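Just so we're clear, the structure is a prediction, and the values are computed from it rather than from any experiment. To find a chain, count down the sequence lines: A is the first, B the second, and so on, and within it residues start at 1.
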Number of protein chains: 2
Amino acid sequence: MNEEVPQAAETTTEAVEQDLPPRRVMANKLRADILNGELPPGSPLPSQRELAEKYGVARNTAAEAVKILESEGLIESRNRARPKVRERRRLLRLGAERYSNRLRNETGLSPFRAEVEKQGKTARVNCTSIERVPAPEEIAERLDLPADDDTVVRRENWYFADDEPVQVGITYIPWAIAEGTVLADSPNMGKGSLYGRFEDRGHRITWIREEIGSRMPTPEETKGLAIPAGVPVIDVIHTGIDQDEKPFEVTTFTMRADLNGLDYRIRIED
Amino acid sequence: MNEEVPQAAETTTEAVEQDLPPRRVMANKLRADILNGELPPGSPLPSQRELAEKYGVARNTAAEAVKILESEGLIESRNRARPKVRERRRLLRLGAERYSNRLRNETGLSPFRAEVEKQGKTARVNCTSIERVPAPEEIAERLDLPADDDTVVRRENWYFADDEPVQVGITYIPWAIAEGTVLADSPNMGKGSLYGRFEDRGHRITWIREEIGSRMPTPEETKGLAIPAGVPVIDVIHTGIDQDEKPFEVTTFTMRADLNGLDYRIRIED
DNA sequence: GCAAGCATCTGGCTCAAGCCAGTTGAGATA
DNA sequence: TATCTCAACTGGCTTGAGCCAGATGCTTGC
């Protein structure tokens with residue numbers, strides 16, 4: 001490096017520090033390095049001790065700066081190994097077409113499988129429990145259950161793409177519909193999967209309602225879905241509605257937001 | 001690879017400490033107190049110094065435990081005041097009906113206003129900039145713009161509910177459509193708002209595509225939307241599509257996830 | 001060429017001490 | 001009664017010291 005070539009404008013740099021505490025200044029500089037490609041995705045950060053020396057702060061402070069970036073989702077640290085700049089993963093895009101009756105009849109696949117395999121990954125679904133329980137209030141409302149008969153079948157499913165857990169779904173089915181069918185007691189749904197069985201019982205999926213929110217995961221979810229720090233979850237309350245406008249099924253999904261997205265095409269009614 | 005599928009078990013309490021580091025144990029106990037109502041929403045936490053003494057740890061450690069809960073979105077700390085248990089706010093529920101042509105013609109309101117006022121709040125929208133720019137790649141794709149003519153009007157809007165900033169939207173409109181209309185230069189859209197003007201130009205909104213994701217906010221977003229720690233944002237890439245299946249507008253929304261949710265009712269095609 | 005063993009390094013976590021700016025509430029003042 | 005002042009307190013943040021378990025990489029022995 002020889003002559004000083006004057007910079008144009010400062011697209012980024014020196015708004016970085018303006019009486020901010022050292023850990024913030026440091027975090028800002030590291031963030032800039034990540035965003036401008038100096039620290040490309042996948043590359044390990046320098047050690048805390050090196051960073052501390054480089055920026056003239058205590059190791060503690062350096063660690064805090066790193067933690068800031070971690071909480072922003074820019075950095076991933078695994079156990080006690082070097083933290084790395086997080087790689088942007090390709091999202092699973094979940095649309096409404098996956099519920100299509102035609103698609104189901106043609107492929108015989110469940111909505112999740114259909115979607116994941118379309119995107120070139122390997123799908124796996126684990127049904128971890130099937131129980132008969134009284135419906136939680138939120139669910140009873142959406143299923144229009146009478147107060148004196150709110151028994152539902154609760155089915156818990158874990159969804160994997162390429163052997164990585166990506167979401168959990170809990171399906172609630174009115175007992176009146178599930179009774180005496182595989183819905184009530186078998187993890188194996190057969191051809192056409194869940195919605196095939198609903199159709200057998202006279203409920204053809206015609207509308208869905210999707211209520212979508214996002215929040216930070218609970219500790220249980222963090223553990224169960226192996227969610228890295230700085231990654232939220234997307235919550236979806238999905239209601240299946242049949243040809244007679246009757247809800248026949250509610251599923252609550254909890255999905256890792258770094259691996260899943262939603263993609264809907266919706267007709268606007270006049 | 002044996003995936004860990006956690007069980008229900010442990011409805012709540014005493015898995016709390018099992019060789020976890022003190023700050024975790026402490027966080028778990030505090031979390032339990034919050035979830036079981038001992039510390040109701042809105043109530044202030046004891047001071048760090050009190051907590052430290054109560055749990056027999058250094059103040060530093062107590063502060064870290066609090067920070068854990070903050071990052072989970074359970075606690076809100078404002079500047080240098082006592083942290084409080086976060087109150088669950090009512091969500092703005094954004095559906096697709098707000099784009100309805102009939103609704104627009106009847107009320108003359110923009111989609112956001114229609115939705116917010118329906119929910120009994122006061123809506124305000126600030127148009128902070130209108131520029132003519134080349135379309136970012138993501139946008140050009142969705143608008144089907146030819147590479148040699150990718151000029152768009154970029155309109156930045158800030159949305160407030162009851163005077164609180166809840167989302168930002170950036171709308172991109174092909175220059176060919178905006179040229180010579182208020183779309184190109186005026187913050188004031190007139191009756192029927194944005195989509196009224198599109199209709200004037202022969203583009204009646206018929207379909208929308210909504211691509212939804214979630215992530216932690218950038219520092220700019222945190223500042224601009226006054227997002228508390230532990231709250232993610234919901235990203236929506238919204239594409240407006242007309243009666244001829246032509247996209248005529250793309251808007252990217254960034255919304256506070258603690259104040260906004262989405263609620264779609266979607267017809268399943270056979 | 002390969003596996004096992006081992007010393008080194010790293011991040012996770014805790015502590016005690018301390019400074020500072022902003023919040024808070026009680027009491028004084030108008 | 002309403003406003004102002006001010007001292008006490010609070011959380012934010014930093015430091016430097018230190019312990020530990022796990023990751024890492026080199027060396028040794030087969």
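Distance from the side chain of B:Pro22 is smallest for C:dC13 among the nucleotides D:dC13, D:dG11, C:dC13. In this structure, the nucleotide among C:dC13, C:dG11, D:dG11 sitting nearest to the side chain of B:Pro83 is D:dG11. When distances are taken from the side chain of B:Ala58 to each of D:dT15, D:dG11, C:dC15, the shortest belongs to C:dC15. Listed nucleotides D:dG12, D:dA23, C:dT10 differ in distance to B:Ser77; the shortest reach to its side chain belongs to D:dG12. Nearest nucleotide to the side chain of A:Arg80, out of D:dG22, D:dT15, D:dG12: D:dG22. In the set C:dT14, D:dT24, C:dG11, D:dT24 carries the atom at the smallest distance from any side-chain atom of A:Ala81.
Within the nucleic acid shown, B:Asn60 comes within 4.0 Å of at least one base atom, counting heavy atoms only. Residue A:Val66 is classed as having no contact, given no heavy-atom separation below 4.0 Å to the nucleic acid. Residue contacts for A:Arg82: at a heavy-atom cut-off of 4.0 Å it reaches the sugar-phosphate backbone alone, with no base atom in range. Nucleic acid contact class of A:Arg49 (heavy atoms, under 4.0 Å, all strands): base.
Taking CZ from A:Arg23 and CD from A:Glu64, the interatomic distance works out to 4.0 Å, rounded to the nearest 0.5 Å. In this structure, the separation between CD on B:Glu138 and OG1 on B:Thr252 is 8.0 Å, given to the nearest 0.5 Å. Rounding to the nearest 0.5 Å gives a distance of 8.5 Å between CD of A:Glu156 and OH of A:Tyr172.
Among all heavy-atom pairs drawn from B:Leu39 and B:Val85, the shortest one is O-CG2, 3.8 Å.
Separating the CG atom of B:Leu51 from the P atom of D:dG12 is a distance of 12 Å, rounded to the nearest angstrom. Between A:Arg59 atom CZ and C:dT14 atom C1' the separation is 11 Å, expressed in whole Å. C:dA16 atom P lies 13 Å from atom CD of B:Glu53, rounded to whole Å. Atom CD1 of B:Ile75 is separated from atom P of D:dG11 by 11 Å (rounded to the nearest Å). D:dT10 atom P lies 13 Å from atom CG of B:Leu45, rounded to whole Å. Whole-Å rounding puts the A:Lys67 NZ to C:dG11 C1' distance at 11 Å. One atom, CE of A:Met26, and another, P of D:dT14, lie 10 Å apart when rounded to the nearest Å. In this structure, the OH atom of B:Tyr55 is 14 Å from the P atom of C:dC15, given to the nearest Å.
A close approach under 4.0 Å does not occur between any side-chain nitrogen or oxygen of B:Thr61 and OP1 or OP2 of C:dC13. For D:dC9, the OP1/OP2 oxygens have no side-chain nitrogen or oxygen of B:Gln48 closer than 4.0 Å.
We find that B:Lys223 and B:Glu220 are not joined by a salt bridge, their nearest charged nitrogen and carboxylate oxygen being 4.0 Å or further apart.
Of the possible donor and acceptor atoms, none in the side chain of A:Arg89 sits under 3.5 Å from a partner among the backbone N and O of A:Asp258.
Residues B:Asn79 and A:Arg78 each lie close to DNA chain D; by heavy-atom proximity, the contact nearer the 5' end of the strand is made by B:Asn79.
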